[in-house]
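All heavy atoms count here, side chains included; hydrogens, waters and symmetry mates do not. Note that the structure is predicted; figures quoted are calculated from it, not measured. Order of the sequence lines sets the chain letters (A, B, ...), proteins ahead of strands, with each chain counted from 1.
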Protein chains: 2
Amino acid sequence: MSERGIKPSNQPALADFKVSVDTVIFSVDTQQNRVLVLLIMRRDDPFSGQWSLPGTLVRQGESLEDAAHRVLVEKIRVNNLYLEQLYTFGGPHRDPRESPKSFGVRYLSVSYFALVRFEEAQFIAEGVSGIAWYPVKQIPSLAFDHGKIIEYGYQRLRNKLEYSPVAFDVLPDVFTLSDLYQLYTTVLGENFSDYSNFRTRLLKLGFLADTGLKASRGAGRPASLYRFDAEAFAPLKDKPLVFL
Amino acid sequence: MSERGIKPSNQPALADFKVSVDTVIFSVDTQQNRVLVLLIMRRDDPFSGQWSLPGTLVRQGESLEDAAHRVLVEKIRVNNLYLEQLYTFGGPHRDPRESPKSFGVRYLSVSYFALVRFEEAQFIAEGVSGIAWYPVKQIPSLAFDHGKIIEYGYQRLRNKLEYSPVAFDVLPDVFTLSDLYQLYTTVLGENFSDYSNFRTRLLKLGFLADTGLKASRGAGRPASLYRFDAEAFAPLKDKPLVFL
DNA sequence: CCAAAAGTGTTTGAAGTACACCCATGC
DNA sequence: GCATGGGTGTACTTCAAACACTTTTGG
């Protein structure tokens, strides 16, 4: 922002960019203990036939968030998800289209981080070809630097779980405390806390409302169903709230 | 990244971008209890004559970090600072140069967050006109959306202080425990902890090495000088380390 | 000797850790 | 009744908050 719009001829040439918005969409299958990422099979060059993150190039008059939402709604048909900006990858040579033939155009990617409820997740990829959920532990080789973006996003997911209520964007509206615990162990690993202590701490925080309903799942005592109470949580926002 | 390089005519037009890198550089004057931001007076349009963040437009073949460093080294002559990416602001109409006349070119800003030691900070702005340190509490009206970027950066600074050792990127190599405490109160406010408790906690963490030297500053008992021991800190990296 | 700044110690209560144990259901 | 998963309680330890007190300097 410190150079002139019309550049004097003695100034080095500015780079021209196309900007893509690529989103790492996570979902968690607590039953099978897996964190999932939504991938899309590319149909066009470059990297045609390879898996990649869902994304698009930003159009005229469109904001970054708009572009992200456009892909989510039009292409993947996802609504109501948690979305936040992740990181911007902008080095040269990250896109093979950056050849001299294309007049030196650079491709920059603003990545986003998103979470979907697993219930909704299931029928997103269903039947449609060229779109699939992959476990984070088994991501195939991806187009561009999308592998790196996923790693970065996964790191963010683990961090966020510890100090923010993102868990409730992944869980269904109504859930049991073991669902919640399962989610945490799936993402964070086994050794973060004892179930009993996790339970007491979370309930003491006071933003889990008991619905009075019970969930009976095969054998064992039926579990109480809880709902996340956003209002009760509000005062705790910005506090150094620790779930771990 | 999901559209073709050569767009079919039935596709909506992609936006063309220039990308700027703008850096919020913080320093902390613990003596005067002030957090400072480095600002630059713009000489060119748009916003000529207004204060702004140091930044530049990315050139051909240059990475984002490269561009950030170029400004820091060439224009501001700062070396050895902590630097990390902050956020990317890319909505349309954030730059007045985005007129129809300029063929719809958009301006996107990737912002960075940086910290300088106050010792070095002082002589950066010294004598040179059009460059100055402003207390965060008294930032004037800025060019573009730079005011918003600073707010975002200041938030980051406060967060980072609580869980990462950025303090030692701001303090001199060798410092007293009250220097450290001063830094924290300056940024976080008075009520975060008692000096005596702060002291015990920090020393117990074990990454502050006593140099054996003493600092005598006027009246009062001389203070021990400490040095940040990066090796001793390494194992604590990524841990939910809390300074607060 | 007194003020100023650095550094130590003690008391108290809250919170986390690691368990052992009781409860309700399906088969 | 017994295996299975849900839920409660307790003893132990660690840690943070508050504050009183000692030490070393300059004047």
Could you check how far [atom1] of [X] sits from [atom2] of [N], rounded to whole Å?
{"X": "F198(A)", "N": "dA18(C)", "atom1": "CZ", "atom2": "P", "result": "16 Å"}
{"X": "R217(A)", "N": "dG7(D)", "atom1": "CZ", "atom2": "C1'", "result": "15 Å"}
{"X": "K204(B)", "N": "dT8(C)", "atom1": "NZ", "atom2": "P", "result": "14 Å"}
{"X": "N191(A)", "N": "dC19(C)", "atom1": "CG", "atom2": "P", "result": "13 Å"}
{"X": "F192(B)", "N": "dA17(D)", "atom1": "CZ", "atom2": "P", "result": "11 Å"}
{"X": "L177(A)", "N": "dG5(D)", "atom1": "CG", "atom2": "C1'", "result": "13 Å"}
{"X": "L213(B)", "N": "dT25(D)", "atom1": "CG", "atom2": "P", "result": "14 Å"}
{"X": "L180(B)", "N": "dA6(C)", "atom1": "CG", "atom2": "P", "result": "13 Å"}

Classify R199(B) by what it touches in the nucleic acid, base, sugar-phosphate, or nothing, heavy-atom distance under 4.0 Å.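 Base, at least one base atom sits under 4.0 Å.
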Is S178(A) touching bases, backbone alone, or none of the nucleic acid, heavy atoms closer than 4.0 Å?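 Since only primed, P, OP1 and OP2 atoms lie under 4.0 Å of S178(A), the category is sugar-phosphate.
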Would you kindly compare D194(A) and A219(A) by the position of their nearest DNA chain C nucleotide and give the one closer to the 5′ end?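 Per heavy-atom nearest nucleotide, the more 5' residue is D194(A).
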DNA chain C: 5'-proximal contact among R221(A) and D179(B) (nearest heavy atom):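 Comparing both residues, the 5'-ward one is D179(B).
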Look at the side chain of [X] and decide which nucleotide, out of [options], has an atom nearest to it.
{"X": "A223(A)", "options": "dG7(D), dA17(D), dA18(C)", "answer": "dG7(D)"}
{"X": "N197(B)", "options": "dT25(D), dT17(C), dC19(D)", "answer": "dC19(D)"}
{"X": "R201(A)", "options": "dG9(D), dT17(C), dG7(D)", "answer": "dT17(C)"}

I want to check one thing: is the phosphate of dG6(D), taken as OP1 and OP2, less than 4.0 Å away from some side-chain N or O of Y195(A)?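 Negative; the distance criterion is not met.
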Given Y181(B), which of F175(B), Y195(B), Y226(B) fulfils the ring-ring contact (aromatic ring centres under 6.0 Å, His included) condition?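 So the option named by the test is Y195(B).
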Between the base of dG26(C) and the side chain of S216(A), is there any donor-acceptor pair under 3.5 Å?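 When only heavy-atom distances are counted, S216(A) does not reach the base of dG26(C) through any donor-acceptor pair under 3.5 Å.
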Given the structure, check if the side chain of S224(B) and the base of dG7(C) hold any donor-acceptor pair shorter than 3.5 Å.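 No, the side chain and the base share no sub-3.5 Å donor-acceptor pair.
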For the residue pair R201(B) and F198(B), would you count it as a cation-pi contact if the rule is NZ or CZ under 6.0 angstrom from the ring centre and within 45 degrees of the ring axis?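 No, a cation-pi geometry is absent between R201(B) and F198(B).
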Cation-pi check, R158(B) to Y154(B): give yes when NZ or CZ is under 6.0 Å from the six-membered ring centre and within 45° of the ring axis, no otherwise.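 Output yes; distance and angle both within limits.
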Pick one: which of L39(B), V37(B), V35(B), I25(B) meets side chain to side chain contact (heavy atoms under 4.5 Å, CB included) with W133(B)?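 It is I25(B), the one option of L39(B), V37(B), V35(B), I25(B) that forms the side chain to side chain contact (heavy atoms under 4.5 Å, CB included) with W133(B).
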Test salt bridge (Lys or Arg N to Asp or Glu O under 4.0 Å) on R217(A) and D179(A); report intermediate values, then the result. CA-CA 12 Å; R217(A) 291 167 182 162; D179(A) 288 340; 3.0 Å; yes
